[in-house]
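Values below: all heavy atoms of this structure, side chains included; hydrogens, waters and symmetry mates excluded.
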Amino acid sequence: AEGTTTRRLVVLGASGGSGVAVVEAALERNYHVVAFARDQQRLNRELGHLMGHASLEVALGEISDLTALLSAMQGAQAVICTVGPRPETAPGPLAPAIQILVEACRKCQIERLIVQGCALASAPGEWWGLLTPARLARAVVRWQNSSKAIDDAEAVMKYLYNEAKDVKWVVARPVWLEEGEARGALVPNLDTFTQSSIRYADLALWLLEQVDGGDYVQKMPRLKYGPVEYPI
């Protein structure tokens, strides 16, 4: 379609597993992709042959740097944020920066902000049973692994829910992620957490669908392969 090749998409955290998958899928769909990351060498290594793509632009910076975000996001239709802790034991970096990211979206009139969270993070108002597999999994991730990833994701969701009602955001909460060929469509749901995995490639496609789709604006669905008990 006319104008399709000029649509500008910013991918934050472009050197991570989800970010690489989103960049690759977006380039295949004729987006002009701005790959935003902190480390040029790691970006080169992870994106590999994609680095020479005519529709790929690199922007280096911190997600807490408003000037760097504004420069990367100018003229973009959407932002997909896949920033997450790596390794797993690192503190989650997104919560302290989410206010700055939302401000940049407002200034650049971004039509859609799509944020990757995690299935173990609870949305505002969501209650977890006291002795459930989900509780146990959360406890293991939080304390045994000394991880702040869940707390980070929950702080991000709380801020978006309470303070960004004027922004068209979507929070995806995928279960565990793994490499491999695409397996099929993900089903947005509000099921209680169960242990399962999805492929980065399938997550990337779902995230890209939200650039134009309106079904999940200001929603926080969990994502997994079907069947599910409570699809949304």
Side-chain angles (χ1 to χ4, degrees), residues 9 11-28 33 35-39 42-43 45-48 50 63 79-95 113-123 133-134 136-142 144-157 169-211 216 219-228 231-232:
L9 173 72
V11 181
L12 305 178
S15 60
S18 299
V20 170
V22 171
V23 168
E24 184 168 16
L27 289 172
E28 288 175 356
V33 179
F36 189 98
R38 294 190 303 172
D39 187 325
R42 182 179 167 201
L43 192 64
R45 183 174 68 250
E46 298 298 332
L47 289 183
L50 295 175
I63 55 168
V79 174
I80 297 180
C81 180
T82 64
V83 171
R86 182 172 175 165
E88 176 58 33
T89 52
L94 185 55
L113 170 61
I114 302 149
V115 178
Q116 177 185 330
C118 66
L120 279 174
S122 58
L136 179 59
R138 281 162 65 87
V140 169
V141 171
R142 265 190 168 128
Q144 186 173 315
N145 294 342
S146 302
S147 175
K148 293 185 175 66
I150 295 172
D151 297 329
D152 186 67
E154 290 179 351
V156 168
M157 290 192 292
W169 50 262
V170 178
V171 176
R173 292 190 287 164
V175 292
W176 310 130
L177 290 158
E178 63 183 11
E179 303 283 353
E181 295 296 317
R183 281 182 49 191
L186 298 176
V187 183
N189 66 87
L190 291 178
D191 290 10
T192 55
F193 175 84
T194 53
Q195 298 271 8
S196 64
S197 298
I198 63 173
R199 301 287 168 85
Y200 284 112
D202 293 321
L203 174 63
L205 291 181
W206 193 89
L207 296 175
L208 280 172
E209 287 171 1
Q210 308 320 305
V211 172
Y216 301 101
K219 295 181 181 178
M220 305 175 179
R222 287 194 178 86
L223 299 175
K224 64 180 181 179
Y225 301 116
V228 302
I232 60 171

Could you state the interatomic distance from CD (E178) to CG (L203), rounded to the nearest 0.5 Å? 12.0 Å
Donor-acceptor under 3.5 Å (R199 side chain, A182 main chain): no
I need the Q210 CD to L113 CG distance, nearest 0.5 Å. 12.5 Å
Hey, what's the ring geometry for F193 with W176, parallel, tilted or perpendicular (30° and 60° as the breaks)? perpendicular
Rounded to the nearest 0.5 Å, the OG atom of S196 sits from the NZ atom of K224 at a distance of 6.0 Å
Are the side chains of L177 and S18 in touch, meaning some heavy atoms are under 4.5 Å apart? yes
Compare every heavy atom of G226 with every heavy atom of V187, then report the nearest pair and how far apart it is. CG2-N, 3.7 Å
Starting at CZ of R38, measure out to CG of L43 and round the result to the nearest 0.5 Å. 12.5 Å
Can you name the closest pair of heavy atoms from L208 and A25 and give their distance? CD1-CB, 3.5 Å
Would you say V20 and V11 make side-chain contact, with heavy atoms under 4.5 Å? no
Measuring only between side-chain heavy atoms, which start at C-beta, is M220 closer than 4.5 Å to V115? no
Could you pull out the closest heavy-atom pair between A37 and A14, with the gap in Å? CB-N, 4.5 Å
Under the 3.5 angstrom rule, does the side chain of N189 hit a backbone N or O of R222 as a donor-acceptor pair? yes
Is any side-chain heavy atom of D39 less than 4.5 Å from a side-chain heavy atom of S15? no
Would a 4.5 Å heavy-atom cut-off, applied to side chains only, mark V156 and V171 as touching? no
What are the two closest non-hydrogen atoms of Y225 and R183, and how far apart are they? CE1-NH1, 3.4 Å
Report the distance from atom OH of Y216 to atom CD1 of I114, rounding to the nearest 0.5 Å. 13.5 Å
Under 3.5 Å donor-acceptor, E154 side chain and A121 backbone: no
Carefully, step by step, assess V170 and L207 under the rule side-chain contact (heavy atoms from CB on, under 4.5 Å). CA-CA 9 Å; V170 178; L207 296 175; over 6 Å; no
Any non-hydrogen side-chain atom of F36 less than 4.5 Å from a side-chain atom of V83? no
Gap separating the CG atom of D202 from the OG atom of S197, nearest 0.5 angstrom: 12.0 Å
Report yes if some heavy atom in the side chain of P188 is under 4.5 Å from a heavy atom in the side chain of L223; otherwise report no. yes
Do you know the tightest heavy-atom contact between I198 and P174? CD1-CB, 3.5 Å
For Q116, is there any backbone N or O sitting under 3.5 Å from a side-chain donor or acceptor partner on T82? no
